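Excluded from the calculations below are hydrogen atoms, water molecules and symmetry mates; all remaining heavy atoms, backbone and side chain alike, are included. We count residues from 1, following the sequence as given. For clarity, every value in this text was computed on a predicted model and none was experimentally measured.
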Amino acid sequence: MQSPYPIILNLANKNVAVIGGGKVAARKIQKLIKAGVKPTVVSPLLSSTIARENIDWIQDKYQRKYVENMDVIITCTNNSDVNDQIKREATHFQLVNNTSDKNNSDFYNLATLSSDDMFISVSTMGKSPSVAKKMKNEIKAWVSKKFHKEFE
Ligand SMILES: C[C@@]1(CC(=O)O)c2cc3[nH]c(cc4nc(cc5[nH]c(cc(n2)[C@H]1CCC(=O)O)[C@@](C)(CC(=O)O)[C@@H]5CCC(=O)O)C(CC(=O)O)=C4CCC(=O)O)c(CCC(=O)O)c3CC(=O)O
Ligand SMILES: NC(=O)C1=CN([C@@H]2O[C@H](COP(=O)(O)OP(=O)(O)OC[C@H]3O[C@@H](n4cnc5c(N)ncnc54)[C@H](O)[C@@H]3O)[C@@H](O)[C@H]2O)C=CC1
């Protein structure tokens, strides 16, 4: 069976684009900001939960020209045809996370617990994000108690 290659990515000096500005985008953007990234967000609308000062907002629908110099692209529109188009138009050198199609992504996001000296993550290989979240919370309770750890 093919298994994924596990890594921790340092994105601080990379160009990252998020396409779409809704609920899912807000969650991805929050994690990117914590990772030291100022993402470029391409979306006609932006959720009020997204801090404008921490992003570069291109208030428009996706067009290939907006993402040409991006290293990483996260597609979060509510139109799966557009998400597929973004993936299709990406070059071989761009890593794309298509959040609406687990079979058409270069990488997935993980359920995570982080502190200044520990990083724990759970993945269900794209199969069940809600199980990943639940498991993360159970691990959190156990590790917090056993190792007296505080997680964000
Ligand atoms: C494949 C993957 C791709 C990717 O995003 O990279 C993916 C895909 C999809 N998620 C869906 C649903 C939801 N996902 C969440 C939440 C999280 N999703 C995350 C990861 C991943 N989600 C990747 C694989 C993870 C793995 O391998 O286990 C987490 C872990 C990490 C993060 O996003 O930061 C984060 C929990 C963070 C935390 O709190 O710990 C919630 C909300 C909730 O549970 O609170 C809902 C319910 C929404 C609702 O119903 O309201 C749907 C169905 C869409 C639909 O049909 O509507 C798809 C599409 C599909 O399955 O194809
Ligand atoms: N991976 C994950 O964790 C999850 C993924 N999903 C997937 O993510 C998609 C988005 O979900 P939500 O954020 O809840 O939707 P939403 O409706 O809150 O937001 C959609 C956003 O996409 C923007 N948009 C629409 N067309 C666009 C275009 N052509 N170019 C740029 N931006 C465009 C809209 O302006 C809006 O900001 C869902 O369709 C679903 O497939 C849903 C739940 C969880």
Fill in the blank from the handout: Distance col, row Lys149:NZ vs Asp117:CG, nearest 0.5 angstrom, shows 3.0 Å
Fill in the blank from the handout: Rounded to the nearest 0.5 angstrom, the CD-CD1 distance for Glu53 and Ile55 is 9.0 Å
Practice task
Rounded to the nearest 0.5 Å, what's the gap from CG on Leu32 to CG on Leu11? Could you check?
Solution key: 7.0 Å
Handout entry: Asn15 side chain vs Asp71 backbone, donor-acceptor pair below 3.5 Å
Key = no
Problem - Shared hydrophobic cluster, Val72 / Val96 (ILVMFWY, side-chain heavy atoms < 4.5 Å) - result: no
Handout entry: Smallest separation among heavy atoms of Met125 and Ser123, with atom names
Key = N-OG, 2.9 Å
Handout entry: Main-chain N/O of Thr91 paired to Gln94 side chain as donor or acceptor, under 3.5 Å
Key = yes
Practice task
Return the minimal non-hydrogen interatomic distance between Lys31 and Leu110, and the atom names on each side.
Solution key: NZ-O, 3.0 Å
Handout entry: Minimal non-hydrogen separation, Val18 against Pro39, with atom names
Key = CG2-CB, 4.3 Å
Problem - Tyr108 with Ile74, same ILVMFWY side-chain cluster at under 4.5 Å - result: no
Completion exercise
One should read off an interatomic distance between Asn78 CG and Thr99 OG1, to the nearest 0.5 angstrom, of 10.0 Å
Handout entry: Joint cluster assignment, Ile8 & Ile120, ILVMFWY side-chain distance < 4.5 Å
Key = no
Problem - Within-4.5 Å side-chain heavy-atom neighbours: Lys87 and Thr75 - result: no
Practice task
Mark yes or no for whether Trp57, through its side chain, and Ser43, through its backbone, hold a donor-acceptor pair below 3.5 Å.
Solution key: yes
Problem - Heavy-atom side-chain proximity of Leu9 to Phe107 below 4.5 angstrom - result: no
Practice task
Spell out, yes or no, whether Val67 and Leu95 are grouped together once hydrophobic residues are joined by side-chain heavy atoms under 4.5 Å, including indirect joins.
Solution key: no
Handout entry: Within 6.0 angstrom of Gln30 CD, more than 12 heavy atoms from elsewhere
Key = no
Handout entry: Nearest-0.5 Å distance, NZ of residue Lys61 to CG of residue Leu45
Key = 10.0 Å
Problem - Lys134, NZ atom: more than 12 neighbouring heavy atoms under 6.0 Å - result: no
Exercise for the section: Kindly say whether Tyr62 contributes a backbone atom to a donor-acceptor pair with the side chain of Gln85 at under 3.5 angstrom? Expected result: no
Handout entry: Hydrophobic cluster membership, Val24 vs Ile58, 4.5 Å side-chain cutoff
Key = no
Problem - Heavy-atom pair of closest approach, residues Met70 and Thr40 - result: CE-OG1, 3.5 Å
Fill in the blank from the handout: In short, Asn98 meets Ser105 closest at the heavy-atom pair N-OG, 2.8 Å
Practice task
Report the C-alpha distance between Leu113 and Val143 in whole Å, list the side-chain angles of each, state the deciding distance to 0.1 Å, and finish with yes or no for side chain to side chain contact (heavy atoms under 4.5 Å, CB included).
Solution key: CA-CA 10 Å; Leu113 296 169; Val143 177; 5.7 Å; no
Completion exercise
Scanning both residues in full, the closest heavy-atom pair of Ser115 with Glu150 reads CB-O, 3.5 Å
Practice task
Please check if atom CG in Asn13 has more than 12 non-hydrogen atoms from other residues, nucleotides or ligands closer than 6.0 Å.
Solution key: no
Handout entry: Asn83 side chain to Thr77 backbone, donor-acceptor under 3.5 Å
Key = yes
Problem - Full working for side chain to side chain contact (heavy atoms under 4.5 Å, CB included) between Tyr66 and Ile19 - result: CA-CA 10 Å; Tyr66 295 137; Ile19 319 300; over 6 Å; no
Fill in the blank from the handout: In this structure, OG of Ser121 is separated from CE of Met135 (nearest 0.5 Å) by 12.5 Å
Exercise for the section: Decide yes or no for Phe151 and Phe119: does some side-chain heavy atom of the first lie under 4.5 Å from some side-chain heavy atom of the second? Expected result: no
